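In each ligand, atom 1 is the first atom listed, and ligand 1 is the first ligand listed. This one's a predicted model, so the numbers in the text were calculated from it and none came from an experiment.
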Amino acid sequence: MKDILFQNVNFSYPNNPPVLVSIDLKINGGEQIAVIGHNGTGKSTFAKLINGLLHPSDGVVWIGDMNTKNYTTAHIAANVGYVFQNPDDQIFHSTVEKEIGFCKKIIRKKRQNIKVQIEEAIQMTGLQKYRAENPFDLPVSMRRFVAMASVLAMDPDILIFDEPTAGQDAYGRNLLKNIFQKLKEKKKTVITISHDIEFVLENFQKLIIMANRGILFYGESQNALQTPELFQTANLELPYINKLCMELGLPCTTDLVQAAQQMYDNYIKM
Ligand SMILES: Nc1ncnc2c1ncn2[C@@H]1O[C@H](COP(=O)(O)OP(=O)(O)O)[C@@H](O)[C@H]1O
Ligand SMILES: [Mg+2]
């Protein structure tokens, strides 16, 4: 399983101030991590450095023993799947089925295996009924699942999802929850960027908080929750359940937060 390693990475877009400065980070193969941070803190840039769409201005990004600078994005894409923040940057086929099946042309695997992977990706993303539709006739929330399915079908070891929760209703969030659960069972490395802190805390035990051109926090989500100043520094709102626990002087452990969330959900249903 390939680890992801950032060694003293700096990154600037041409003729612009630095976006990321002195990033040192190791993500072990098989970990599932969420990335949160205010708009413009470099989350998508960070993701693109991992899948080789961008290369560091200084320093090195390693995927296993591959220095991303020495490989083409196409080569890295076989190991690192990236679901773009905007699905329309990724989708270019006239039907959902063709879009998801495109991986047949780019990965070298037995045809039978690829067929199984494509079918599994369609099932995981709930797109069975939409195979013949033009992706652009579907709402953007569903186009996100088309983009996601086309990456899932390639079955890479590392998957990066850039804001998959944006614009998703309860159905979409539940589908996402099941996708992340399945990827965890398959021991995939998953990096999910999201603004939805509640979703992140419910589904990811490990957390990266980005702020001030770097990584403000990397560790267990529980530990971040016990340090509310982190959220202040990152200019992020704590979930209201956590604020409530703090007000009541209770420890913000994941168990307590989940129990409180469950009670609240039950109360809403009454
Ligand atoms: N192609 C680009 N050229 C110049 N600046 C960019 C480009 N893409 C992003 N930026 C800038 O880099 C910073 C980080 O952007 P981004 O990685 O998209 O942040 P996030 O995903 O956290 O919102 C922002 O200030 C953004 O305006
Ligand atoms: Mg972004």
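- Partner of Phe161 under the ring pair (Phe, Tyr, Trp, His ring centres under 6.0 Å) criterion, out of Phe199, Phe204, Phe180, Tyr82: Phe180 alone.
- Contact annotation: Gly37 has no heavy atom less than 4.0 Å from any atom of ligand 1.
- Ligand 1 places these atoms under 4.0 Å from at least one heavy atom of Asn39: 23 (O).
- In this structure, the protein non-hydrogen atom closest to atom 23 (O) of ligand 1 is Gly40 N, 2.8 Å.
- Between Lys177 and Glu202 there is a salt bridge, since at least one side-chain N of the basic residue sits less than 4.0 Å from a carboxylate O of the acidic one.
- For atom 19 (O) of ligand 1, the nearest protein heavy atom (residue, atom name, distance) is Gly42 N, 3.2 Å.
- Less than 4.0 angstrom separates some heavy atom of Val19 from each of these atoms of ligand 1: 12 (O), 13 (C), 14 (C).
- Between Arg131 and Glu119 there is a salt bridge, since a side-chain N of the basic residue sits under 4.0 Å from a carboxylate O of the acidic one.
- For the residue pair Tyr130 and Thr95, no side-chain donor N or O sits within less than 3.5 Å of a side-chain acceptor on the partner.
- Through direct or indirect side-chain contacts shorter than 4.5 Å among Ile, Leu, Val, Met, Phe, Trp and Tyr, Val21 is connected to no other residue.
- A single hydrophobic cluster is not seen to contain both Ile191 and Val151; linkage of ILVMFWY side chains at heavy-atom distances under 4.5 Å, directly or through other members, places them apart.
- In this structure, Ile160 and Val83 have side chains that are not in contact, with every pair of non-hydrogen atoms separated by 4.5 Å or more.
- For ligand 1, the polar-atom distance check against Ser44 finds a nitrogen or oxygen pair separated by under 3.5 Å.
- In this structure, the side chain of Gln32 engages the main chain of Lys188 through a donor-acceptor pair within 3.5 Å.
- At the shortest separation from atom 5 (N) of ligand 1 among protein heavy atoms lies Tyr13 CD1, 3.5 Å.
- Residue pairs meeting the salt bridge (charged side-chain N to carboxylate O under 4.0 Å, His left out) criterion with at least one partner in residues 51-64, sequence neighbours excluded, are absent.
- For atom 26 (C) of ligand 1, no protein heavy-atom neighbour is present inside the 4.0 Å cut-off.
- Inspection of the environment of the Mg ion (ligand 2) yields the following protein N, O or S atoms under 2.8 Å: Ser44 OG, Gln85 OE1.
- Thr45 OG1, 3.7 Å is the protein heavy atom nearest to atom 16 (P) of ligand 1.
- Close approach of ligand 1 to Asn16 (heavy-atom distance below 4.0 Å) involves ligand atoms 4 (C).
- Every pair passing ring-ring contact (aromatic ring centres under 6.0 Å, His included) that includes a residue from residues 35-73 is listed here, sequence neighbours excluded: Phe6-Phe46, Tyr71-His75.
- At most 12 non-hydrogen atoms from other residues, nucleotides or ligands lie less than 6.0 angstrom from NZ of Lys2.
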